[in-house]
Every structure is written in C-alpha cells, then in structure tokens.
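Residue numbers start at 1 and run along the sequence shown.
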Amino acid sequence: MILKASISEKDILFEDNHLIAINKRGGDIVQIDNTGDRSLEEMAQAFVAAKYNKPNQAFIGVIHRLDRPVSGTILMAKTSKGLDRMNKLFHDRKVQKTYLAVVKNKPPHKAGKLSNWLLRDRKKMITKAYDREVKNGSYAELDYRIVGQLDGYYLLEIMPLTGRTHQIRCQLGHINCPIVGDNKYGYPRGSLKRTICLHSRALAFVHPIKNEALRIEAPLPVDGFWERFNVLLHKNRF
C-alpha cells in the first residue's frame, strides 16, 4: 500500500492557536518508528510550518496515539501550554473518546460493559485479556453498543473508559468479536491495506485554555467498505 506522506487542509478537523486535530488515515504512524516511514507528527509539523511560514519548523506535541491500522480523530498540540494541559485532561480521564468498530460476530448483548485485566506481551507485541486480576496486569474497561447490522456485519459504538495498549482490539477479540481485518486479535484474515475496521470517531472535552465545550468528529474513511455504514449512522442519528 502506498501512503500519502503529507496532510492537507482537508485532513484538518479542528485547529486553533493551541491545538490541531487531524483525520488520520489507517496505515499512517503517529510517531516515527523503526520502519523509517514518515510519521503523522512530521506531517503535522510540515503542514503548520508551511501554512504559517515558520522557517525554523513548527512545534507539534503528540498528546495521544492511535495504532497504525486505526483511522480517525487524533489531537496534537501546537504549543507547550496546549500540550501540558491536554496531557492532564487525558491523564484525569476528562476526554470522552468514541470509536466505531465493524465486527462479523454479534456481541452477546445489544449494549454492555467489558471489564478485563490486560497483560502486554512485549516480545510478540500483543495484549492478552483476562477475566480475573493477573500479576503485572492493567485494568481495562469499555462500554459498547450495537449501532446496527448491515450485509452480515455489525457496527459497534465503543467508549473506552481506560486507555490501554490495543485495549479495544484485545477486549473485542476476547469475546469472540474480533474487528474486521484484525488478524492479530482473531479475525481470520488481515487487510491488504494494512488497516482494520476501527475508527476514532470523536473526542469531546472542555478546551483547556478557552474553557469551551468541544467535540471533534471524523467522518468515516472512504475506502470502498466503510462508506456503506453511513446509512446506519444516519438512521440512528449518530
């Protein structure tokens, strides 16, 4: 898959003096890793530097991350003040995160809560979920509901109450509802596009400097698969 190595104005979901929110493409990395691929952080720096004519590069602070195969809303800081205050909001769990996921298997209930202890296997780069407390494990919790069914797939709304590595992917896999394309957590095959059907739909919080309520929302990806689920979102006034 060939990824764009830049972002443009159409990728920007929100921007002010302190913050910038980007509609991340599935397959983009947030920060540079050992692949050498250009990161979203670098793209954001280049975008802001060019837009505001900053010859000495622009400040961009990474506030939170999304896994490489995940798409959707990601928020970055344009000032150190914005970075520090948003970090505190995330730490204090004052940012409401909403995801959308597509699964093939129907969850056990129309809506429910998943509570597990997660243990990270750093050698295999995978997270395992347990129903009881385990040594060195981290408690993880999320709420979900079924938005609707279409073409044999289920669209889920996910609201994580904790922020653990691979949390949504792992917990859905644990109840035999792996995300479409996520063969790391139980789906029978991976995606040729190196993406999975998990989308960071929205972030909601009180702006840490302007003290105004803010909700930043990303439209579904346009990739030949996700678009069909817009009908379920409109039907449910999502």
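- The line from OG of Ser200 to CD1 of Ile158 is 12.0 Å long, rounded to the nearest 0.5 Å.
- Here the CD atom belonging to Glu42 is positioned 12.5 Å from the OG atom belonging to Ser6, to the nearest 0.5 angstrom.
- Among all heavy-atom pairs drawn from Asn23 and Gly72, the shortest one is OD1-CA, 3.6 Å.
- In this structure, the side chains of Met76 and Val30 come closer than 4.5 Å at one or more pairs of heavy atoms.
- You'll find the side chain of Arg194 stays beyond 4.5 Å of the side chain of Pro69, heavy atoms only.
- Heavy atoms only, all atoms of each residue included: Lys94 and Phe205 are closest at O-CB, 3.8 Å.
- For His207 (side chain) and Lys210 (main-chain N/O), a donor-acceptor pair under 3.5 Å exists by modelled atom type.
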Exercise for review: Give the C-alpha distance, both sets of side-chain angles, the deciding distance and a yes or no for side-chain contact (heavy atoms from CB on, under 4.5 Å) between Leu233 and Leu220.
Suggested key: CA-CA 10 Å; Leu233 298 182; Leu220 294 182; 3.8 Å; yes
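- At least one side-chain heavy atom of Lys113 sits under 4.5 Å from a side-chain heavy atom of Leu161.
- With hydrophobic clusters built from ILVMFWY side chains whose heavy atoms lie under 4.5 angstrom apart, Phe90 does not share a cluster with Val62.
- By the neighbour-count criterion of 12 heavy atoms within 6.0 Å, atom NZ of Lys54 is sparsely surrounded, having that number or fewer from other residues, nucleotides or ligands.
- When side chains are defined from C-beta on, Glu15 does not count as touching Leu19, because their heavy atoms never get closer than 4.5 Å.
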Exercise for review: With side-chain contact (heavy atoms from CB on, under 4.5 Å) as the test, would you mind laying out the steps for Leu150 and Arg228 before giving the verdict?
Suggested key: CA-CA 8 Å; Leu150 185 67; Arg228 70 182 75 179; 3.8 Å; yes
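- Counting only heavy atoms from C-beta outward, the side chains of Leu118 and Tyr139 never approach each other to under 4.5 Å.
- For Gln167 and Thr162, the side-chain atoms include at least one donor-acceptor pair closer than 3.5 Å.
- At a threshold of 4.0 Å, the pair Asp92-Lys88 counts as salt-bridged, since one of the basic side-chain nitrogens sits closer than that to a carboxylate oxygen.
- Ring planes of Phe229 and Trp226: perpendicular class, angle over 60° (limits at 30 and 60°).
- Of all non-hydrogen atoms in Phe47 and Ser8, the two that sit nearest each other are CE1-C, 3.8 Å.
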Practice item. Verify side-chain contact (heavy atoms from CB on, under 4.5 Å) between Lys110 and Arg145, making sure each step is shown before the conclusion. Key: CA-CA 6 Å; Lys110 290 183 178 180; Arg145 73 177 181 95; over 6 Å; no
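- The two residues Cys177 and Val103 make their nearest non-hydrogen contact at O-CG1, 3.3 Å.
- Figure legend: Lys104 and Tyr154 shown without cation-pi pairing, the cationic atom not lying both under 6.0 angstrom from the six-membered ring centre and within 45 degrees of its axis.
- In this structure the side chain of Asn116 reaches within 4.5 angstrom of the side chain of His174, judged on heavy atoms.
- Using a 4.5 Å heavy-atom threshold, the side chains of Arg25 and Asp11 count as touching.
- For the atom pair Leu155 CG and Cys197 SG, the distance stands at 10.0 Å (nearest 0.5 Å).
- The minimum heavy-atom distance between Ala49 and Ala58, with the atom names listed, is N-CB, 3.8 Å.
- Annotation for Lys51: atom NZ counts as buried by contact number, over 12 foreign heavy atoms lying within 6.0 Å.
- Considering CZ of Phe14 and CG of Leu75, their distance stands at 8.0 Å, rounded to 0.5 Å.
- Checking side-chain atoms of Gln171 against main-chain N and O of Leu114 turns up a donor-acceptor pair under 3.5 Å.
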Would you give me the side-chain donor-acceptor pairs under 3.5 Å for residues 178-190, sequence neighbours excluded?
residue: Asp182; atom: OD1; partner: Arg169; partner atom: NH2; Å: 2.8
residue: Asp182; atom: OD2; partner: Arg169; partner atom: NE; Å: 2.8
residue: Lys184; atom: NZ; partner: Met125; partner atom: O; Å: 3.1
residue: Tyr185; atom: OH; partner: Thr127; partner atom: N; Å: 2.8
residue: Tyr185; atom: OH; partner: His166; partner atom: ND1; Å: 2.6

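- Tyr99 and Met159 sit in two unconnected hydrophobic clusters of ILVMFWY residues. Membership requires side-chain heavy atoms under 4.5 Å apart, directly or through other members.
- Remark: aromatic rings of Tyr130 and Trp117 are distant, center separation not under 6.0 Å.
- Under the 4.5 Å side-chain contact rule for hydrophobic residues, Leu100 and Val222 do not share a cluster.
- Leu203 and Ile12 sit in two unconnected hydrophobic clusters of ILVMFWY residues. Membership requires side-chain heavy atoms under 4.5 Å apart, directly or through other members.
- His64 and Asn87 share no side-chain donor-acceptor pair at under 3.5 Å.
- Between Tyr153 and Phe225, the ring center distance clears the sub-6.0 Å criterion.
- The environment of CG in Asp121 is crowded: more than 12 heavy-atom neighbours from other residues, nucleotides or ligands sit within 6.0 Å.
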**Study point:** Evaluation steps, salt bridge (charged side-chain N to carboxylate O under 4.0 Å, His left out), between Asp16 and Lys78
**Key:** CA-CA 9 Å; Asp16 65 9; Lys78 293 169 60 179; over 6 Å; no
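- At a threshold of 4.5 Å between non-hydrogen side-chain atoms, the residues Ile196 and Val70 count as touching.
- Among all heavy-atom pairs drawn from Gly26 and Ser71, the shortest one is N-CB, 3.7 Å.
- A salt bridge between Arg68 and Asp37 is present, with a side-chain N of the basic residue lying under 4.0 Å from a carboxylate O of the acidic one.
- The distance from the CZ atom of Arg164 to the CD atom of Glu141 is 10.5 Å, given to the nearest 0.5 Å.
- A distance of 6.5 Å separates CG of Leu156 from CD1 of Ile146, quoted to the nearest 0.5 Å.
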Review point. Stepwise, does the side-chain contact (heavy atoms from CB on, under 4.5 Å) test hold for Ile168 with Leu198?
Key: CA-CA 9 Å; Ile168 298 174; Leu198 180 61; 4.0 Å; yes
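- Cluster membership check: Val48 does not share its hydrophobic cluster with Phe59, using side-chain heavy-atom separations under 4.5 Å among Ile, Leu, Val, Met, Phe, Trp and Tyr.
- The pair Arg38-Asp28 does not meet the salt-bridge criterion, since no charged nitrogen lies less than 4.0 angstrom from a carboxylate oxygen.
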